[in-house]
Amino acid sequence: MDTARDPEDLLVVGTGSRTVWRRLVRPSVARYCVAHAACPVLAVPPSPLQAELESVHRRNVWRIPLDLRELAP
């Protein structure tokens, strides 16, 4: 926290996708920064597309075929 110690600074941190298991095992850096920073903190949530990308990645790893009906709005 030595870098963003002035009140005029702005600390930007990503919140990342947090599952229940990860919350129990590892504390959140973003929450720590919000609670302890001397300057304003902007916590940026992950993009909604991130979950879709992770889903596609899992499909590719496990070689699960993609149902094209899932892509239609």
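Between Asp9 and Cys39, the closest heavy-atom pair is O-CB, 3.3 Å. Listed here is the closest heavy atom pair of Ala30 and Gly14: CB-O, 4.1 Å. When all heavy atoms of Pro46 and Thr15 are compared, the closest pair comes out as CD-OG1, 3.3 Å. Pairing each heavy atom of Pro40 with each of Pro7, the nearest pair is CD-O, 3.5 Å.
Listed by first and then second residue, the side chain to side chain donor-acceptor pair (under 3.5 Å) pairs that reach into residues 38-51 are Gln50-Glu54, sequence neighbours excluded.
Applying the under-4.5 Å side-chain rule to Ile, Leu, Val, Met, Phe, Trp and Tyr, the cluster around Leu42 extends to Leu10, Val12, Val44.
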